[in-house]
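Atom set for the values below is all heavy atoms of this structure, side chains included, hydrogens, waters and symmetry mates excluded. Here the structure is a predicted model, which is why all the values come from computation and not from measurement. The chain is numbered in sequence order, starting from 1. Both counts, for ligands and for their atoms, begin at 1 and track the order of listing.
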Amino acid sequence: MKIYDSIIIGGGPAGLCAGLYLSRGGYDALLLESGFIGGQASLTSNIENYPGFENGISGIDLAMKMEEQAKRFGLNILYNEVKNINLSGDIKTLLTADGELHAKTVIIACGASPRKLGLPNEENLTGSGVSYCATCDGAFFKGMDVAIIGGGNTAAEDALFLSKIVNKVYIIHRRDNLRAEQSYKNKISETANIEVVYNSKIKQIVEKDGAVNGIEIDKNGESAALFVRGVFVAIGTEPRSGLFKEIKKDENGYIITDENMKTSLPGVYAAGDIRKKSLRQVVTAVADGAVAANSAALFLSGGIV
Ligand code: NAP
């Protein structure tokens with residue numbers, strides 16, 4: 001039976017960085033990714049606050065560079081989904097579609113996925129006007145009016161990205177102030193075709209012929225209709241932590257770690273957006289990945305972590 005030193009679950013910045021550190025350190029590490037390399041970061045059009053790229057870099061370019069760097073040191077990457085997992089005991093077992101995998105340590109870096117609005121038409125219209133990724137789907141709305149729901153950095157970044165493609169962008173935000181960083185707010189106020197609609201909640205996505213044909217919003221208790229063909233949902237994320245039943249999490253499902261990325265189970269570490277933390281950005285994800293890899297390496301060599 002093949003036993004890896006470490007299996008990393010998730011190929012976003014946290015997982016890729018953990019993989020880089022472990023493989024560079026001579027450990028036999030395998031990274032499992034169920035979708036695309038780069039995680040949520042790869043959906044970002046331009047990352048301006050990751051040091052070393054003075055003009056910013058697209059999320060996908062950054063992810064590809066991280067992947068190449070980790071592979072150069074021998075990281076194995078397998079595109080497969082973990083279906084079940086047993087993290088107790090000295091040897092951890094992960095069940096994938098192609099069978100069982102075994103490792104002495106596991107680094108959980110599955111990140112988070114976009115939160116849904118929970119509106120009746122939302123699921124039906126996903127891919128037909130409703131989107132969770134402006135950089136992936138923005139081009140379908142060239143010259144049209146679109147709405148972004150949310151008020152954080154993602155909503156702001158999506159609005160700025162879409163403003164260059166579409167006719168008009170409405171940002172529908174439930175409060176009277178965007179949560180997004182000031183630099184984004186400044187750019188938004190300087191962009192003529194972005195309108196922020198404050199104190200407003202989306203009530204309904206109107207459907208016609210299987211596509212989005214406007215939205216109904218509640219603004220300060222009054223209903224209003226907006227004719228938009230696209231609805232970009234940017235209301236935050238939820239951790240992909242459902243599989244890890246044995247591990248201690250907070251009330252929102254984020255995995256609780258100590259400063260060494262150690263979880264409640266020996267030999268199991270968590271890194272990146274799936275972890276309970278205050279700042280979820282690429283720079284903090286890679287830092288988590290490095291720390292988790294170092295802790296796993298210490299554990300493997302009989303250290304105390
Ligand atoms: P976020 O910061 O959690 O913001 C979510 C936004 O959606 C908030 O404005 C929130 O409103 C609103 N919201 C939440 N639930 C809602 C609901 N049910 N209906 C309507 N509105 C709702 O999420 P995010 O913008 O996706 O960002 C996630 C993380 O990634 C953050 O840590 C962010 O800083 C980071 N990020 C960083 C960058 C960057 O630095 N370049 C870019 C993108 C994302 P309230 O404000 O009222 O809570």
Can you sort out which atoms of ligand 1 are near His173, meaning under 4.0 Å from one of its heavy atoms?
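Every atom of ligand 1 under 4.0 Å from some heavy atom of His173: 9 (O), 11 (O), 45 (P), 46 (O), 47 (O).
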Number the atoms of ligand 1 from 1 as they appear, then name those within less than 4.0 Å of a heavy atom of Gly150, with their elements.
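It comes down to these atoms of ligand 1: 7 (O).
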Which residue, Ile37, Thr96, Leu32, forms the side-chain contact (heavy atoms from CB on, under 4.5 Å) with Tyr79?
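For Tyr79, the side-chain contact (heavy atoms from CB on, under 4.5 Å) check succeeds only for Ile37.
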Where is the nearest protein heavy atom to [atom]: which residue, which atom, and how far?
{"atom": "atom 46 (O) of ligand 1", "value": "Arg175 NH2, 2.8 Å"}
{"atom": "atom 3 (O) of ligand 1", "value": "Gly236 CA, 4.0 Å"}
{"atom": "atom 27 (O) of ligand 1", "value": "Thr154 OG1, 3.5 Å"}
{"atom": "atom 33 (C) of ligand 1", "value": "Asn153 ND2, 3.7 Å"}
{"atom": "atom 2 (O) of ligand 1", "value": "Arg179 CD, 3.6 Å"}
{"atom": "atom 16 (C) of ligand 1", "value": "Arg174 NH1, 3.3 Å"}
{"atom": "atom 14 (C) of ligand 1", "value": "Ile235 O, 3.3 Å"}

Of the non-hydrogen atoms in [X] and [Y], which two are nearest, and what is the gap between them?
{"X": "Leu31", "Y": "Gly11", "result": "CD2-CA, 3.6 Å"}
{"X": "His102", "Y": "Ile7", "result": "O-CD1, 3.9 Å"}
{"X": "Leu75", "Y": "Ala29", "result": "CD1-O, 3.7 Å"}
{"X": "Phe227", "Y": "Asp145", "result": "O-CB, 3.7 Å"}

Determine, for [X] against [Y], whether the closest basic-nitrogen to carboxylate-oxygen distance falls under 4.0 angstrom.
{"X": "Glu122", "Y": "Lys116", "answer": "no"}
{"X": "Lys185", "Y": "Glu181", "answer": "no"}
{"X": "Lys187", "Y": "Glu48", "answer": "yes"}
{"X": "Lys277", "Y": "Asp288", "answer": "yes"}

Contact partition for [X] relative to ligand 1, non-hydrogen atoms under 4.0 Å:
{"X": "Arg280", "result": "both"}
{"X": "Lys201", "result": "neither"}
{"X": "Ala180", "result": "neither"}

So for [X], does at least one of its heavy atoms come nearer than 4.0 angstrom to any atom of ligand 1?
{"X": "Glu48", "result": "no"}
{"X": "Tyr184", "result": "yes"}
{"X": "Asn49", "result": "yes"}

Taking ring-ring contact (aromatic ring centres under 6.0 Å, His included) as the definition, give me every residue that meets it alongside Tyr21, ordered by chain and number, with sequence neighbours left out.
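Checked Tyr21 against ring-ring contact (aromatic ring centres under 6.0 Å, His included); zero matches.
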Hey, does Gln281 come in under 3.5 Å of ligand 1, counting only N/O atoms on both sides?
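In this structure, Gln281 places an N or O atom under 3.5 Å from an N or O of ligand 1.
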Check this for me - ligand 1, Gly151, N or O atoms closer than 3.5 angstrom, yes or no?
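Yes, at least one N or O pair falls under 3.5 Å.
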Around Lys248, counting heavy atoms of other residues, nucleotides and ligands shown, do more than 12 lie under 6.0 Å from its NZ?
no
